[in-house]
Every structure is written in structure tokens, then in C-alpha cells.
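First up is the structure itself, then whatever we jot down about it.
Reminder, nothing fancy here: chain letters follow the sequence lines and each chain counts from 1. Please read all numbers here as calculations on a predicted model, not as lab measurements.
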Amino acid sequence: MKKTVAILENVILGFIILAVFQAFFEDFAVVQGWSLSIRKLIVFFGFLFDLVFSIEFLVRSIVMAKQKKFIRYFLFERGWIDFFSSFPLLFFVSGPAVLLSAKSGNRILNLLKIIKAIRVAKILRLIRILKIFGKIQNAQSKMAQRHIAEISTTGVVAIILVLIFSYSLNMLSVDSLKNNYVHQYETLLSNTMRFANEYDFQTKNFVDTVLVKTPEVLYFKMYGKTLYSSLKMKDFSEHFSKSEYKKINIYPVNVILDLRSFSKKQAQINLAFFFAIVVMILFYLLIYTRIFAQTISDVVYVMLRGMREDDYNYNVKLNPIFEEEEIFQLAKLYNEKFLPMKNKELLLSKKKNTKSKLSLDDFMKF
Amino acid sequence: MAEQVDIKKMQDFVLSLLSSDKMQGLAPFAAEKQVLAFVKNNPQQFQSILTSEKLYPSMPVQDSFNLFRKTLTQLVVHETLSSLENEFLANLKFDFLLKYQQIYDEATLRSLILSFLKLLFNNATVRDNFISVYYLFKFNFFEKYITKAYQRKEYIYNELFKVSQHGFKQDESLNLLKFLSCLRVIVFMPVPIDSSKKKIVNYFTETVSPDEKKKYLQIVLNYLRQKIPNIDQTLFLLAIHSFLPAEKVKLEFSFSRVLSVLGLRAQEFVPVVKLDKGADTPDKSWFNIARKNYDLYGFDFKLVEEFFKIAADEGW
């Protein structure tokens with residue numbers, strides 16, 4: 001049973017790592033302009049991971065509830081991280097996205113609006129990085145493991161809250177920029193068409209030099225005549241999702257605008273925060289863990305062994321830079337008072353260590 | 001009498017134990033101690049091993065156990081003597097004897113020391129306490145600490161160079177300490193001290209009157225004189241007095257006081273240690289405790305203090 005649980009835990013760890021990569025590639029694919037089919041595949045994997053983690057949370061909750069430990073699990077054993085990185089994402093992000101890519105029609109358009117409204121939920125995917133902490137066991141110091149996990153959680157949650165707040169107020173969303181741009185182009189186009197009595201030279205010149213040559217214009221048709229087209233229909237369906245282009249029909253003009261630069265900008269912002277969180281956690285893991293170990297957990301570990309084991313009599317290595325700190329004051333007392341006292345007691349009691357390093361296995365090897 | 005085949009089988013069995021990973025780096029007598037500790041703590045299991053098909057299913061247990069003890073002792077004694085002969089004593093110089101106006105053939109003296117130790121190794125307590133001597137040689141305790149002490153020219157240097165009244169140079173001090181460390185284990189040898197030879201004591205027997213103690217020391221000195229003749233008695237006394245508390249040792253017996261500290265350090269030395277990250281180095285830790293409990297150990301505080309400083313400075 002224990003072996004099965006251990007295998008399952010390792011499988012989940014594998015899924016977490018894959019899911020973190022999935023979160024990265026979802027935005028990276030947009031920045032790189034990968035084809036729509038690949039991007040849809042990445043979104044589908046996101047859905048799969050969300051489903052797996054939702055099931056994982058459900059199973060853990062049921063098991064813990066049966067043992068009457070659900071509150072403990074949810075509040076103190078990172079159950080809340082499991083929750084926020086599973087169901088909200090499944091219901092509000094990856095589930096609707098998969099549905100959207102599979103179906104079409106007005107119902108889906110309504111769904112799209114809902115997704116936009118709660119897109120901030122996607123940020124919760126970043127919280128999943130924290131799940132890794134629960135899986136990696138530090139055998140030497142439980143204390144170090146918990147403290148590093150908690151400080152990382154605090155940092156990540158702080159960043160996520162700022163992100164949610166910023167997105168809610170459209171501070172980091174490029175949607176308003178995109179809408180403004182489309183609106184300005186429509187206004188310019190309609191004004192041009194309104195004031196142009198006929199397709200005279202001046203109008204033609206303005207249309208050719210300004211409206212058609214705008215970099216975002218993919219297709220421009222006027223009075224049934226195609227003035228510009230930069231793509232084939234096949235390319236179009238392969239590279240553009242519904243939010244990445246805009247069709248404008250103002251008589252006598254039909255225009256299609258390329259809005260991928262806005263999606264790219266949004267994806268770049270998302271990636272920047274993704275990296276901020278990953279780098280922050282890596283720094284905590286690689287740098288702060290070392291500092292914590294050197295100045296707290298290693299010190300405690302040596303003292304603990306010295307108190308538990310008669311024949312463990314190593315001094316704590318004191319760090320002169322931090323000697324005023326309580327932990328090193330304690331370690332100094334341990335070195336100067338406790339160890340000599342323990343040694344004295346052992347000497348006076350004439351207690352001898354009669355344990356052997358050998359085990360039965362060593363005798364059976366012959 | 002055990003058959004030759006049985007003896008060979010037992011040798012192979014004991015050798016497999018002594019060469020196990022957990023025995024790596026240990027002095028042969030320390031390895032013997034580990035094996036015997038297991039046997040003592042797990043008599044039933046050990047009995048079933050001895051009577052297993054692989055070993056001696058048809059031999060009486062007591063016989064196979066005796067064969068085991070004998071083989072174990074033979075092998076560890078052989079290993080130790082071989083290290084002494086080929087490694088530890090091979091480079092030992094006896095120039096220090098000139099300070100006592102004595103000239104000796106080095107090869108003869110080495111051979112006498114080996115024979116003397118071979119006799120002593122019949123005793124388990126001597127073997128147990130020779131672990132320190134093995135480590136003193138193997139891990140170059142004298143070379144490390146005495147060389148540094150001579151460079152520092154502080155308390156230890158003063159003790160060895162000046163207080164000892166012989167002006168020993170660094171190498172002479174090193175060699176003398178090595179020589180004394182080999183002799184000093186004699187105090188663990190039990191000796192009959194009454195005429196009926198019923199009362200057998202060693203230096204550390206507590207129920208001994210002062211007269212009996214004197215008698216015991218006289219017997220030991222005579223024994224040393226007999227086994228290693230023509231050596232100044234002062235040298236024997238220097239070795240034996242290394243077990244006395246520092247305040248009871250004659251002022252000029254500084255080598256006894258130094259040997260007392262380094263000898264106990266080596267006796268408690270653990271050769272293979274994976275040091276925990278937050279832990280200080282082994283020697284520094286040991287000397288730190290020793291300087292705090294110097295009175296309990298009977299050490300000269302200033303000596304331990306300087307050894308501590310050397311260990312701290314050198315990261316030992």
C-alpha cells in the first residue's frame with residue numbers, strides 16, 4: 001500500500017512539473033507565433049492537467065475527510081493550494097477553452113465573454129509551482145523544508161494577488177489597447193468613407209497610403225475589388241484564433257485586421273510574471289535554503305544529535321558574523337556548557353558504548 | 001583440535017567480516033572490538049551463524065566459538081604487527097637516545113619493540129588500548145601537532161624543548177613520543193602482585209593499596225628492562241607517567257603530559273566521519289570539550305588549550 005502511494009505521489013510530481021512547462025508553453029507558443037493546432041494541443045494538455053489535479057484534490061479530500069483530517073489538510077498541509085490550482089482552473093479556464101476550440105456559434109461567443117471576465121483565474125496556474133514543495137522531502141531538516149515552503153508561498157501568493165488585482169483593473173491587460181486600436185481604425189475608416197463623395201484620386205491615395213498600408217491590415221477590399229491581401233485562407237485558419245483578428249465591414253470596405261501583436265504582448269507580460277515566480281522560487285530554493293540551513297537548521301540539527309546520541313560530541317560551527325543572533329548564542333552555550341557537561345557525566349558514570357557498527361547482514365554475507 | 005580446513009574456513013569468515021565496508025579505516029583492534037560487541041549483544045544469532053551449513057554445523061558450538069575468537073585475535077594481531085613493522089616503526093629514528101647518552105642499533109631496537117608488543121597483544125585490554133597508538137601513527141597525530149607546536153614556539157614547544165631539560169629538536173620529539181606511545185600500553189597488562197600470585201592487577205585497578213601500586217610499578221619496570229634492555233629507566237617512567245594526572249607528573253616529564261592528551265584524543269578518534277554541515281571539525285570539537293574538562297581528564301590546561309588553538313587554526 002505504501003509503495004503504491006509512493007508511486008502515485010511520484011506520478012503526481014511528474015504531472016506538476018509537466019503542468020508548469022505547459023503553463024510556460026501556452027504563452028511561449030503565442031509569442032513565437034506557433035500554429036493554432038499546436039496551441040490548441042497545449043490548451044488541451046492544460047485541460048488534462050487541470051482534470052488530473054482536480055481528481056487528485058477530490059481524492060485527497062475524501063481520504064482526509066474519512067480520517068477527520070480535512071481541515072488540517074486544507075489549511076495546514078497545503079490543501080488550499082491543491083484546491084486553487086485545480087477546480088477553478090478546470091471550470092473557468094481550461095474547460096471552457098477546450099469547449100471553445102471544439103465548437104462554434106453564439107453560445108460559444110457568450111462563453112468567450114465569461115472566460116474573459118474570469119481570465120484572472122488562469123494566474124492561479126502559477127500557484128501550482130508551489131505544489132512541488134509538498135512533494136520534495138528534505139530528509140535532514142523538516143523545519144527547513146517547511147520554512148522555505150512557507151516563505152515561497154507567501155511570496156508567490158503576494159505576486160498572484162497583485163496580478164489578480166492588476167488584471168481586474170485592466171492594468172496589465174492589453175484588451176483595452178486592442179479595443180482602442182480597433183475603434184480608432186474603424187473611426188478613421190468610416191470618416192474617410194463618409195467624407196469621400198466618390199472614389200476620387202484623393203480618397204484613393206489616402207486609402208492606399210494610410211488605410212491599406214497599416215501593418216495590422218491583412219486584407220482590404222473596396223467596391224468588391226481586393227486592394228491588398230497578405231495571406232491565404234489556409235494560413236489564416238492555421239495561425240489565427242478568434243481573438244487574434246477583427247473583421248470590419250463599413251460600406252464599401254471590408255477589412256481584416258491582424259491583432260496577434262496584442263496577444264503576443266499579453267503573452268509576454270504573462271511570461272514575465274511566470275519567470276518572476278519561477279526565479280523567485282529558485283532563489284529561495286538555491287540561495288535562501290542555504291542561508292537558512294547554515295544559520296538555523298544545521299545548527300539545530302547538530303545540537304539535536306548531540307543531545308540524543310552519547311557518542312556525538314561535535315561542536316556547532318559558529319559563525320562570527322552572526323554571533324549575536326539567538327541561535328548562535330544558544331549554540332555557543334551548547335558548545336561551552338552542554339557538551340562538556342555531557343562529557344563529564346559520561347566520564348563519571350563510566351558508561352561505555354557497547355553498540356556495534358556491524359549488523360546481522362554483515363555476518364551473513366560470508 | 002580443529003582441522004586445517006576448518007581453520008581456513010574460519011579465517012575466510014573472519015576476514016570477510018574485517019573487510020566489510022563498516023570496518024574500513026578502523027584500527028584492526030577497533031574492528032575486533034566491533035565484531036566482539038556484536039557477538040556479545042547477539043549471542044543467539046551468532047550461535048546460529050556458527051552452526052549454519054556454511055560454517056560448522058557438526059562442530060560443538062563452544063569449539064567453533066573458541067576457534068572464532070582465536071582466529072579473530074590472530075588476524076588482528078598479525079595485521080597490527082605488520083603495520084607496525086612495515087609502516088609505523090620502519091621510519092622511526094632513535095636519535096633521542098643520544099640525549100640519554102645511549103647508543104642503540106635501530107634494527108635491534110625495532111625488533112625488540114615488536115617482540116615486546118607481540119607479547120602484550122595476548123591481552124585483550126592491551127589490544128583495546130593500543131587502538132590509540134595505531135591511530136597516532138596512522139593519522140600522523142604527532143607529525144601534525146608537534147610540527148605546528150614547534151612552529152608556534154609557544155607553550156607546547158617550551159615544554160618539549162626547554163622544560164624536558166634535553167632541548168629536543170622537532171624530529172627527536174616526534175620520535176620520542178612515538179617510542180613512548182608504544183611502551184605505555186604496558187600499564188594495561190595485568191600482573192600478579194602478591195607472593196601467592198592470586199591478586200592480579202593492572203595500573204588502573206582501584207582496589208590496590210599504595211604499597212601494592214609501588215610493587216606493581218616495580219614489576220612493570222623490571223619487565224620493561226628485561227624486554228627492552230639497556231634503555232634509560234627515565235624513558236619507561238615517561239611512558240608510564242603519561243597515565244598520571246598532570247599535576248602529579250614531575251615538571252620535567254613534559255612528554256608524559258603531551259602523550260597523555262594526544263593518546264586519549266587518538267583513543268577516541270573516529271577515522272571515517274561524514275561531518276554534518278553545521279558541525280565543527282572533529283579535533284577542534286574534542287579539544288574544546290577536553291579543555292573544559294581538563295581537571296577531570298587530568299590534563300595540563302595550557303597544553304590542551306594550545307592543541308585546541310592548533311586544531312582550530314588548521315581546520316582539523
Side-chain angles (χ1 to χ4, degrees), chain A residues 140-141 144 289-290 292-306 309-320 327-328 330-350 352-366, chain B residues 9-10 12-24 26 30-31 33-42 45-46 48-50 52 54-55 68 128 264 268 270 272-273 275-297 308 311-312 315:
Chain A
Q140 191 159 343
S141 174
T289 303
R290 207 166 141 254
F292 188 87
Q294 282 173 349
T295 52
I296 298 170
S297 61
D298 286 351
V299 178
V300 173
Y301 182 76
V302 171
M303 290 195 285
L304 195 63
R305 275 196 75 180
E309 300 168 33
D310 281 351
D311 54 356
Y312 190 91
N313 294 307
Y314 295 103
N315 283 355
V316 172
K317 205 191 289 174
L318 299 174
N319 188 332
I327 189 88
F328 285 106
L330 181 67
K332 201 171 175 185
L333 282 174
Y334 168 84
N335 289 350
E336 305 297 323
K337 302 276 181 197
F338 176 79
L339 281 180
M341 227 152 55
K342 175 183 149 188
N343 175 258
K344 200 171 199 169
E345 198 192 306
L346 286 170
L347 280 175
L348 293 173
S349 68
K350 294 184 178 164
K352 282 191 174 174
N353 183 7
T354 55
K355 278 185 205 162
S356 174
K357 286 180 176 185
L358 293 167
S359 66
L360 189 59
D361 288 344
D362 298 305
F363 281 77
M364 301 301 278
K365 273 179 194 162
F366 177 68
Chain B
K9 197 194 283 181
M10 185 56 89
D12 290 344
F13 172 62
V14 174
L15 279 174
S16 81
L17 283 176
L18 295 177
S19 59
S20 93
D21 290 345
K22 292 169 193 165
M23 300 285 109
Q24 294 309 305
L26 288 185
K33 207 173 160 185
Q34 290 290 325
V35 173
L36 292 178
F38 178 87
V39 172
K40 194 180 175 188
N41 295 338
N42 307 277
Q45 286 174 328
F46 185 66
S48 60
I49 292 165
L50 281 182
S52 69
K54 276 184 185 174
L55 286 169
F68 169 76
D128 195 359
L264 194 61
E268 295 183 1
V270 183
V272 184
V273 176
L275 212 57
D276 289 316
K277 279 178 190 162
D280 223 329
T281 49
D283 279 9
K284 188 183 167 192
S285 300
W286 193 88
F287 285 120
N288 184 42
I289 295 172
R291 69 181 177 150
K292 297 283 170 190
N293 289 339
Y294 76 97
D295 50 347
L296 203 66
Y297 282 117
F308 168 76

Problem set entry | Region of B:Leu15 in contact with chain A, defined by heavy-atom distances below 4.5 Å | neither

Exercise. Between A:Glu336 and A:Lys332, does a salt bridge (Lys or Arg N to Asp or Glu O under 4.0 Å) hold up when you go through it step by step?
Worked result: CA-CA 6 Å; A:Glu336 305 297 323; A:Lys332 201 171 175 185; over 6 Å; no

Seminar exercise, completed: Looking only at B:Lys284, B:Gln45, B:Glu268, the option with the highest number of non-hydrogen pairs under 4.5 Å against chain A is B:Gln45

For this session: Check the surroundings of atom NZ in A:Lys344: do more than 12 heavy atoms from other residues, nucleotides or ligands lie under 6.0 Å from it?
Result: no

Exercise. So, the side chain of A:Asn343 versus the backbone of A:Leu339: is there a donor-acceptor pair under 3.5 Å, distance only?
Worked result: no

Exercise. By a 4.5 Å heavy-atom criterion (distance strictly below it), what part of A:Asn335 contacts chain B: side chain, backbone, both, or neither?
Worked result: both

For this session: Output the option from B:Pro282, B:Ala279, B:Ser20, B:Ala290 having the highest count of non-hydrogen pairs under 4.5 Å with chain A.
Result: B:Ala279

Problem set entry | Interchain contact, B:Asn41 with chain A, by part (heavy-atom threshold 4.5 Å) | side chain

Exercise. Could you state the interatomic distance from CZ (B:Arg291) to OH (B:Tyr297), rounded to the nearest 0.5 Å?
Worked result: 13.5 Å

Exercise. Using 30° and 60° as the class limits, which term best fits the ring planes of B:Phe38 and A:Phe363: parallel, tilted or perpendicular?
Worked result: parallel

For this session: Please answer whether the main-chain N or O of A:Lys357 pairs with a side-chain N or O of B:Gln34 as donor and acceptor at a distance below 3.5 Å.
Result: yes

Exercise. Which bit of B:Asp12 is near chain A, if near means a heavy-atom gap under 4.5 Å: side chain, backbone, both or neither?
Worked result: both

Exercise. Is it the side chain or the backbone of A:Leu347 that comes within 4.5 Å of chain B heavy atoms, both, or neither?
Worked result: side chain

Problem set entry | Atom group of A:Met364 that falls short of 4.5 Å from chain B, counting heavy atoms | both

Problem set entry | Region of A:Ser359 that comes under 4.5 Å of a non-hydrogen atom in chain B | both

For this session: Go through the atoms of B:Ser285 and report whether side chain, backbone, both or neither lie under 4.5 Å from a heavy atom of chain A.
Result: both

Problem set entry | Selection from A:Leu358, A:Val316, A:Val300, A:Val302 maximising heavy-atom pairs under 4.5 Å formed with chain B | A:Leu358

Seminar exercise, completed: Max heavy-atom pairs within cutoff under 4.5 Å with chain A, candidates B:Leu36, B:Ile49, B:Leu17, goes to B:Leu17

Exercise. Is it the case that more than 12 heavy atoms not belonging to B:Gln24 sit under 6.0 Å from its CD atom?
Worked result: yes

Problem set entry | From B:Asp280 atom CG to B:Asn288 atom CG, the distance as rounded to the nearest 0.5 Å | 8.5 Å

For this session: Would you check if there is a donor-acceptor pair between the side chains of B:Asp276 and A:Tyr312 at a distance under 3.5 Å?
Result: yes

For this session: Measure distances from A:Lys342 to the heavy atoms of chain B and classify the residue's part below 4.5 Å as side chain, backbone, both or neither.
Result: neither

